[in-house]
Amino acid sequence: MSAGFVSKMDSFVSAFEFLQRQKEGSFLRALRQKAFDQFSPLGFPTQEREEWKYTDVSQVVNTPYEISFHPPSLPLSPGPLFLEDLPADRLVFVNGFYTESLSRKSQGLQIKSLREAVHEKSFQKYFDQERKEKPLDALNTALFQEGLFLEIPKGAKIQHPIHFLFIYSCQRPEAIFPRNLFVLNEHSEATVVESHVGLDGEVYFSSPLTEMVLKEGARLELIQIQKQGGKAFHIGSSYVNQERNSFFSHAVATLSGKLVRNDLNMTLRGEGSECVSNGLYWTEEGQHVDNTTFVDHAFPQGTSRQLYKGVLSGRSTAVFYGKILVRHGAQKTDAQQTNQNLLLSKDAKVDTRPQLEILADDVKCTHGAAVGQLEEEPLFYLKTRGLGEAAARRLLTYGFMHEVTDQIRLEPVRQRVEEVLLGRLL
Amino acid sequence: MLEIKNLHVSIEGVQILKGISLKINKGEVHAVMGPNGSGKSTLAKVLAGDPAYTVTKGEVLFEGNNLLKMEPEMRAREGIFLAFQYPVEIPGVSNTYFLKAALNEVRVAKGLPELDAMEFLELFNKKLKQVEMDQTLAHRSVNESFSGGEKKRNEILQMTVLEPRLAILDETDSGLDIDALKIVAAGVNQLRSPDRSMMVVTHYQRLLNYIVPDFVHVLLEGRIVKSGSKDLALQLEREGYDGVKDSLASAKS
């Protein structure tokens with residue numbers, strides 16, 4: 001395979017044409033063709049699209065990217081890996097490419113590259129099931145370079161977490177499209193950590209797409225960490241399809257990156273399923289973070305819980321755009337959605353839009369949003385106990401975030417996230 | 001220890017304290033009593049440095065130093081403790097984390113070494129027993145979803161840990177049933193010492209059955225109108241604040 005293609009949209013066209021010449025098989029070829037045909041007329045989303053109203057991707061589009069189809073050739077010395085000590089199966093991707101030498105995989109783990117898995121029935125059944133005219137999802141399908149298919153067998157309870165670690169280290173601006181599919185069969189359980197870590201200050205655009213299928217009674221805990229480089233653009237999508245009585249627990253922490261968007265779509269497709277999503281973000285000078293969530297209650301007796309909290313400092317912006325749809329017949333749905341923001345600076349701005357669309361009549365749904373500053377009363381209280389202004393502010397800010405970090409049930413990950421936050425507080 | 005001279009205080013342009021003078025010596029317990037709106041809570045909060053209030057006239061000396069010039073945290077480090085009438089909830093911050101940070105600030109100010117986590121927990125557990133509070137309190141967020149009584153006991157716990165030189169109790173009895181009141185009073189009494197002074201602000205005489213003061217002051221409309229021994233509290237209980245007002249009026253005429 002030859003090296004990449006440079007320039008703006010042209011590079012996407014060239015990359016697509018290159019992939020169509022490869023022997024990927026008819027299944028993938030057709031999918032890619034369909035997806036690229038979908039993306040081409042749409043292009044990158046503009047702010048005219050309702051769900052992109054508050055995020056301007058022009059700076060992402062205006063960068064000329066290279067799209068590489070071979071692993072980075074430079075010797076890479078990543079130093080200690082993020083969450084190195086986490087007792088987990090670790091699957092490391094460097095600039096989107098699976099890197100065996102940095103990975104650590106136990107024997108029993110059923111994991112295959114997407115190209116290996118392409119002939120399997122369960123793969124074909126579940127891969128790329130969400131086409132909702134989302135241009136960037138289509139772009140990922142058209143251009144994804146690599147990815148893994150993780151299947152957890154029926155009834156299997158995977159003890160160790162599985163850590164998908166995406167490391168970025170680019171010499172030139174690169175566009176990277178990781179793609180993964182997880183299928184948890186009936187009554188199986190797994191914990192997945194998905195972290196994206198930028199090693200240096202180079203510009204790149206990572207746009208991963210992860211699809212997850214939870215069959216009856218399956219339980220998946222997913223923790224996503226964005227620790228992207230200071231000039232990095234990240235627009236990621238996650239899709240969760242939940243069948244009967246399945247449980248999905250999710251936490252996402254956005255700690256760095258120039259522009260980060262986490263798009264999460266949870267569809268409750270069977271009775272009695274439950275999803276929980278907790279998010280935190282801490283923006284600094286020049287940063288933009290967007291969390292867009294969609295919960296689709298399609299069946300009765302579903303439960304969804306969302307708590308997103310953000311701290312904004314400097315001239316930074318954040319978005320929470322959350323929608324809960326309760327369809328006809330999704331009776332006894334119990335849905336909650338909360339977004340709270342703490343502004344540490346006058347120049348920070350947040351757009352928050354929690355929304356409910358309820359088409360069933362016997363449901364319990366609440367949502368709310370808040371934007372505020374540290375209050376005088378608790379500050380004074382802490383000071384009367386001897387804490388100085390700065391220490392009191394730190395403690396209150398920490399307390400604000402702690403409600404979310406406390407929900408990260410994987411202790412080493414929770415500690416690492418808190419370390420980053422506390423480090424910022426010092 | 002504490003000397004208040006002709007203190008005038010306003011909030012949002014409204015004059016609340018209109019010339020308070022009061023001296024508290026080492027080891028003394030003073031009760032400040034008064035009806036609602038008399039300014040007794042204002043006095044307590046001003047001494048702790050609440051930025052909502054403006055001192056328009058007068059001075060306050062603490063151990064000979066100008067207290068009003070100090071930030072609230074400096075006052076705390078110098079040994080002033082205010083037990084709040086309405087303790088504030090701090091979500092997401094555990095009681096132990098908070099109190100360890102506070103204690104170490106105070107210790108550093110005293111020139112003592114900071115306590116590490118183990119040392120602190122040992123001390124904390126001992127003090128918990130002293131105020132008869134539950135162990136689970138350690139992990140709960142400061143005052144969050146505490147009952148009214150638990151909040152007041154938590155104030156006393158903090159005081160017990162921080163060991164102030166001057167404790168100001170702002171209506172610590174309000175909202176407590178008799179059992180909780182006894183526990184709180186016992187906690188306070190354990191802290192009485194020849195080196196420690198206290199100002200007990202209360203509406204009712206009831207608390208003073210358990211925390212017996214050396215002096216009682218009656219505050220009406222921003223002024224101390226009467227001072228006396230603990231018997232003055234009993235007189236107030238019998239005659240009410242109106243009785244004091246009447247006798248003052250007849251004395252004037």
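Computed from a prediction, not measured in an experiment: that's the story for all the values here. By convention in this document, chain letters (A, B, ...) are assigned in the order of the sequence lines, proteins followed by strands, and residues within each chain are numbered from 1.
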B:R77 CZ to A:L387 CG distance, which is reported to the nearest 0.5 Å: 7.5 Å
Region of B:Q158 in contact with chain A, defined by heavy-atom distances below 4.5 Å: side chain
Residue A:F247 excluded, over 12 heavy atoms near CZ under 6.0 Å: yes
Atom NZ of A:K258: over 12 foreign heavy atoms under 6.0 Å: no
Shortest non-hydrogen separation from A:G386 to B:A76 and the atoms involved: N-CB, 3.3 Å
Separation of B:K45 NZ from A:T384 OG1 (nearest 0.5 Å): 12.0 Å
B:P87 portion near chain A, given a 4.5 angstrom heavy-atom threshold: both
Atom CD of A:E411 with >12 non-hydrogen neighbours under 6.0 angstrom: yes
Flag if over 12 foreign heavy atoms under 6.0 Å of CD, A:Q415: yes
Any side-chain heavy-atom pair of B:I90 and A:L382 under 4.5 Å: yes
Gap separating the OH atom of A:Y381 from the CD atom of B:E89, nearest 0.5 angstrom: 10.0 Å
A:E375 atom CD, neighbour heavy-atom count above 12 within 6.0 Å: no
Residues of residues 96-106 of chain B with any heavy atom under 4.5 Å of a heavy atom in chain A: B:Y97, B:F98, B:A101, B:A102, B:E105, B:V106
NE2-OG distance between A:H402 and B:S94, expressed to the nearest 0.5 angstrom: 7.0 Å
Exceeds 12 heavy-atom contacts within 6.0 angstrom, atom NZ of A:K157: yes
Atom group of B:V142 that falls short of 4.5 Å from chain A, counting heavy atoms: side chain
Residue A:K364 excluded, over 12 heavy atoms near NZ under 6.0 Å: no
Top contributor to chain B contacts, counting heavy-atom pairs under 4.5 Å, from A:V404, A:D406, A:L395, A:T405: A:L395
For B:V55, side chain to side chain contact (heavy atoms under 4.5 Å, CB included) partners two or more places apart: B:L7, B:V9, B:V46, B:L68
Heavy-atom pair with the smallest gap, counting every atom of B:A48 and A:F380: O-CE1, 3.8 Å
Over 12 non-hydrogen atoms of neighbours within 6.0 angstrom of CD in A:E285: yes
